[in-house]
Q: 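The structure's right below; bear with me while I get my questions together.
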Amino acid sequence: MLQYCGTVDEMVDGRRTAAKCTRQQSAGTNQLPCVAGRTGAAVPKIQASTVAEHRATQRAALLDAARALLSQHPDQIPSLADVAQHAGLARSSAYSYFKSRTDMFDALVTDTFPRWAAYVGKHMDAVTTPGEKILTYVEANLQLVARGDHALVRALAGIGSSEALAASSRHLHDSLQVPLQAALAEHGAAHPERTAELIQSIVYTLSRMIENGLSLRAATSLARDLLGPYVKLAN
């Protein structure tokens, strides 16, 4: 005769609701048994992979919630409780994964910047000629700005720790410059590194225009007007 001490999710989170324990004889559920009448009794061992997957899922849900809240209101810094509520989790859950709000935003910086580079890289990989890759680099960055990712990055810059931001910014810059410089070199640029900086300045300028109200379509058209003659100069 065993006594119910909680579901797998409850045990993974370290929660046990003794008041809900009821005697049972059935098996085949995700309920974990314990010895009746013993608080804190031993429970069957949960596979490490199950615990790791559960924690990874919960942590990702919190980061996604923080990302969504900041994207919607970049000027409003959500608390850990706000983030947990938006993720549909208990308020205390956030503190199981992050020591503080700054700790959570540092994790969000580390999570967000690689996504930006991956998005641009994926779109560049989808085209074939170096000229197309150069244009796609610009357009993919502008798409991210238009959907609010740049505003999110700026918001994170104001609330994350300087160390995490500096490290992630350097990594993002390097991750973006490598494929761009490779495309420029293949296209025939005499100085790919310098030309890449010029391309990046176009991205920065058009990004500001988008954030000031210019449509993505208009910004993309300007980029094509400016870069079109150059990328068509294939050897």
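What you are looking at is a predicted structure, and each value in this text was computed from that prediction instead of being measured.
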Q: Name the one of Leu69, Leu89, Leu70 that satisfies side-chain contact (heavy atoms from CB on, under 4.5 Å) with Val83?
A: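 Between Val83 and the candidates, side-chain contact (heavy atoms from CB on, under 4.5 Å) is satisfied uniquely by Leu69.
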Q: Would you compute the distance between atom OG of Ser92 and atom CG of Leu80 and round it to the nearest 0.5 angstrom?
A: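 So the gap between those two atoms works out to 11.5 Å.
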Q: Which distance, rounded to the nearest 0.5 Å, do you find between the CG of Leu142 and the OG of Ser215?
A: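 Spacing of CG (Leu142) from OG (Ser215) equals 11.0 Å.
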Q: Quick one: are Glu197 and Glu193 in side-chain contact, heavy atoms under 4.5 Å?
A: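 Glu197 does not reach Glu193 side chain to side chain.
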Q: Is Leu226 reachable from Ile199 through a run of hydrophobic residues whose side-chain heavy atoms are each under 4.5 Å from the next?
A: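 Same cluster: Ile199 reaches Leu226 through Ile, Leu, Val, Met, Phe, Trp or Tyr contacts under 4.5 Å.
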Q: For residues 130-140, please give each side-chain donor-acceptor pair under 3.5 Å, one per line with the distance, not counting sequence neighbours.
A:
unit_1: Glu132; atom_1: OE1; unit_2: Thr128; atom_2: N; d: 3.3
unit_1: Glu132; atom_1: OE1; unit_2: Thr128; atom_2: OG1; d: 3.3
unit_1: Glu132; atom_1: OE1; unit_2: Thr129; atom_2: N; d: 3.1
unit_1: Glu132; atom_1: OE1; unit_2: Thr129; atom_2: OG1; d: 3.2
unit_1: Lys133; atom_1: NZ; unit_2: Met124; atom_2: O; d: 2.8
unit_1: Lys133; atom_1: NZ; unit_2: Val127; atom_2: O; d: 3.1
unit_1: Thr136; atom_1: OG1; unit_2: Glu132; atom_2: O; d: 2.7
unit_1: Tyr137; atom_1: OH; unit_2: Gln200; atom_2: OE1; d: 2.3
unit_1: Glu139; atom_1: OE2; unit_2: Arg224; atom_2: NE; d: 2.7
unit_1: Glu139; atom_1: OE2; unit_2: Arg224; atom_2: NH2; d: 3.0

Q: Taking side chain as C-beta onward, heavy atoms only, is Leu180 less than 4.5 Å from Leu184?
A: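 Of all side-chain heavy-atom pairs linking Leu184 with Leu180, at least one is under 4.5 Å.
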Q: What closest approach, in Å, do Ser96 and Arg55 show between heavy atoms, and which atom pair accounts for it?
A: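 Nearest heavy atoms, Ser96 then Arg55: O-NH2, 3.0 Å.
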Q: Given side chains that start at C-beta, do those of Leu144 and Val120 come closer than 4.5 Å, heavy atoms only?
A: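 Side chain of Leu144 against side chain of Val120, heavy atoms only: contact under 4.5 Å found.
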Q: Does atom CZ of Arg194 have more than 12 heavy-atom neighbours from other groups under 6.0 Å away?
A: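 It does not: Arg194 CZ has 12 such atoms or fewer within range.
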Q: Taking Arg59 first and then Asp103, would you say they form a salt bridge - that is, a charged N and a carboxylate O separated by under 4.0 Å?
A: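 Between Asp103 and Arg59 there is no salt bridge, as every charged N stays at least 4.0 Å from the carboxylate O atoms.
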Q: Is the closest side-chain heavy-atom distance between Arg208 and Val145 below 4.5 Å?
A: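 No, side chains not in contact.
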Q: Closer than 3.5 angstrom, by distance alone: can the side chain of His187 be matched with the main-chain N or O of Tyr230 as a donor-acceptor pair?
A: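 Yes.
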Q: Taking the side chain as everything from C-beta on, heavy atoms only, tell me whether Leu63 gets closer than 4.5 Å to Phe98.
A: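 With C-beta onward as the side chain, the pair touches.
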Q: Rounded to the nearest 0.5 Å, what separates atom OG in Ser79 from atom CE in Met104?
A: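 Reported to 0.5 Å precision, the distance equals 8.0 Å.
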Q: Within the side chain of Ser221, is there an N or O that forms a donor-acceptor pair under 3.5 Å with the backbone of Arg217?
A: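 Absent.
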Q: Roughly how far, to the nearest 0.5 Å, is CD of Gln143 from CD1 of Ile210?
A: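 One finds 9.5 Å between CD1 of Ile210 and CD of Gln143.
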Q: Evaluate the side-chain proximity of Arg91 to Gln85: yes if any heavy-atom separation is below 4.5 Å, no if none is.
A: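 Not touching, per the 4.5 Å side-chain cut-off.
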Q: So which heavy atom on Pro179 is nearest to which on Ser175, and how close?
A: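 Closest approach of Pro179 to Ser175: CD-O, 3.0 Å.
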Q: With no hydrogens and no angle check, is any side-chain donor or acceptor of Asp111 less than 3.5 Å from a backbone partner on Ala107?
A: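 Pair absent, no side-chain N/O of Asp111 close to backbone of Ala107.
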Q: Taking the side chain from Ser201 and the backbone from Leu198, do they hold a donor-acceptor pair closer than 3.5 Å?
A: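 Yes; judged by distance alone, with no hydrogens or angles, the pair exists.
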Q: Let me confirm one number: the CG-CZ distance from Asp82 to Arg101, rounded to the nearest 0.5 Å.
A: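 Reported value, rounded in 0.5 Å steps: 9.0 Å.
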Q: Walk me through it: do Leu206 and Ile202 pass the test side chain to side chain contact (heavy atoms under 4.5 Å, CB included)?
A: CA-CA 6 Å; Leu206 289 173; Ile202 294 173; 3.8 Å; yes
Q: In Å, rounded to the nearest 0.5 Å, how long is the span from CZ of Phe105 to OG of Ser100?
A: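 If we round to the nearest 0.5 Å, Phe105:CZ and Ser100:OG are 9.5 Å apart.
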Q: Just jot down the ring-ring contact (aromatic ring centres under 6.0 Å, His included) partners of Tyr119, sequence neighbours excluded, or say none.
A: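 Listed in chain order: His123.
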Q: Are any of the side-chain nitrogens in Lys122 or Asp125 under 4.0 Å away from the carboxylate oxygens of its partner?
A: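 No.
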